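Below is one structure, written out as C-alpha cells; the observations come after it.
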Amino acid sequence: MSDWTPPLIVGCDYTHAGIDAPEGSEADAFDRLALPASPTPAEDAWVLARHPQPDNSPALLELVRPDGVKLSIDFSSGKARHRANEAGKGIQPLARALGLNAFRKRHGFMPTVIDATGGLGQDAWALATTGAHVTVIERNPVVHALLDNALRRAAAEPATCETSARVRLLAGHAESLLPELQADVIYLDPMYPERRRKKAGSRKGMQFLHALLGPPPDESDGSLLRASLNSGAARVAVKRPRGAPLLAGSEQWQGQRTCVESPNTRYDIYHLPTT
C-alpha cells in the first residue's frame, strides 16, 4: 500500500493588494479550486499564489512548497521557448511517433492531437508550435490551474499568442472524456512511479507532479489504452521509458504496432484502420 498523502495546499491572492483581477480572467481558474486562504500558512502547507503583473498582463500562478521551492509553467521562455526556436528538432522522435509530417503530406494540413495525460504541458506546447491543434486533458485541479494560467499568459504575448490559440485545455479523466472527443492522433504519457533512489538532479517539475498526483493510477485493467483505441483516432502513441513493458491493455491488441526509439524513450504506436 502507498503511504502517499496529498499536500495541504492553501491559496494566497496577492492581486488583492491594490490590483483587482478582471472578471473572466485567470482568476476564474484560481477561484474554482476553492482553496482555504491563509496569510500565515502552516509550516507544512503548500501555497498556490497569484501575483499581479505589470501592464495589465495576466497574473502569475505559482505553487510554493514548504521549503520555498516554486513551480510555475511558462510557455514563453525557458525549455518551451528553446524547443520552439529549434523548429521542432527537440521533438523529432515524438513528431515521428505521432506521424505529423506524414499526415500533413497526405492531407495538406496538420493532424488534430489529444494529449490525454497533460502533466506540465511541455510536449503539448511543442506539438502546437509545429502547427498542430492540441487538446490537453489534465486530471489534477491544481496542475490544470497552472496550465490554464500559462496558456492565458502565452495568449497575451505577441510571440506566443498564435501557438496558444492552437491549444485547448480540458479538466477531467481521459477515460471519461475521450468517448466525447474526436482527433486524428492520441498521445499518452502515463506517469511512472517515482524512483526510490532519485538522482541528485531529479527534475523539479516531476518532483511536484509526484507529490501532487501521488502514485500512478492503477492501469492494470487497460482502461486508458482501451479508451484511446476506441476513440476513433487513426493512431495512438504511448510514451514509455526505454526497456519498460507495454502499457496495460496492449495484450488484447490484434492490429499493427510499431515503435520509435530515442536514447531514453520508446514510443509504442498503435495504427488503427481508417475508413
Side-chain angles (χ1 to χ4, degrees), residues 2-22 25-82 117-125 136-157 160 164 167 169 171 189 191-195 198-216:
S2 172
D3 57 358
W4 172 75
T5 300
L8 169 65
I9 303 177
V10 300
C12 188
D13 188 358
Y14 293 102
T15 62
H16 289 166
I19 301 180
D20 294 326
S25 72
E26 77 291 334
D28 294 339
F30 183 88
D31 295 337
R32 275 197 303 270
L33 295 171
L35 297 174
S38 175
T40 56
E43 291 185 359
D44 61 342
W46 294 42
V47 177
L48 184 66
R50 189 167 75 212
H51 299 278
Q53 300 295 296
D55 303 325
N56 294 319
S57 298
L60 168 69
L61 272 189
E62 66 177 6
L63 186 61
V64 187
R65 292 192 319 210
D67 60 2
V69 177
K70 303 176 181 179
L71 174 71
S72 61
I73 302 176
D74 186 359
F75 294 133
S76 302
S77 62
K79 182 179 179 180
R81 185 62 179 270
H82 173 72
T117 51
L120 300 181
Q122 297 298 320
D123 284 341
W125 182 262
V136 182
I137 301 174
E138 174 50 46
R139 63 186 174 90
N140 182 271
V142 173
V143 179
H144 180 276
L146 292 171
L147 281 170
D148 182 73
N149 177 249
L151 289 171
R152 290 179 183 272
R153 289 186 286 112
E157 294 286 339
T160 53
S164 178
V167 182
L169 176 63
D189 181 11
M191 190 173 70
Y192 247 52
E194 192 172 21
R195 296 179 180 176
K198 305 176 193 175
K199 295 181 181 179
S202 294
R203 290 191 300 168
K204 179 178 67 173
M206 290 306 301
Q207 293 175 8
F208 272 79
L209 285 180
H210 279 289
L212 289 170
L213 276 64

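The shown structure was predicted, so the numbers you read here are calculated from the model rather than taken from an experiment.
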Would you say that [X] contacts [Y] through its side chain, given a criterion of any heavy-atom pair below 4.5 Å between the two side chains?
X	Y	value
Asp148	Glu138	no
Leu71	Leu120	yes
Arg65	Phe208	yes
Asn149	Ile73	no
Leu151	Trp125	yes
Leu212	Ile9	yes
Leu48	Trp46	no

Check each of Leu146, Leu209, Leu213 against Asn140 using the side-chain contact (heavy atoms from CB on, under 4.5 Å) test, and report the only one that passes. Leu213
Val47/Val10 under side chain to side chain contact (heavy atoms under 4.5 Å, CB included): CA gap, chis, key distance, verdict: CA-CA 5 Å; Val47 177; Val10 300; 3.9 Å; yes
Between atom [atom1] of [X] and atom [atom2] of [Y], what is the distance when rounded to the nearest 0.5 Å?
X	Y	atom1	atom2	value
Arg153	Phe75	CZ	CZ	9.0 Å
Glu43	Leu8	CD	CG	12.5 Å
His144	Arg32	NE2	CZ	6.5 Å

Taking all non-hydrogen atoms of both residues, which atom of [X] and which atom of [Y] are closest, and how far apart?
X	Y	result
Gln53	Ala59	CG-CA, 4.0 Å
Leu147	Gly119	CD1-O, 3.2 Å
Ser72	Leu60	CB-CD1, 4.0 Å
Arg152	Pro58	O-CG, 3.7 Å

Under 6.0 Å from the CG atom of Asp55, do we count more than 12 heavy atoms belonging to anything else shown? no
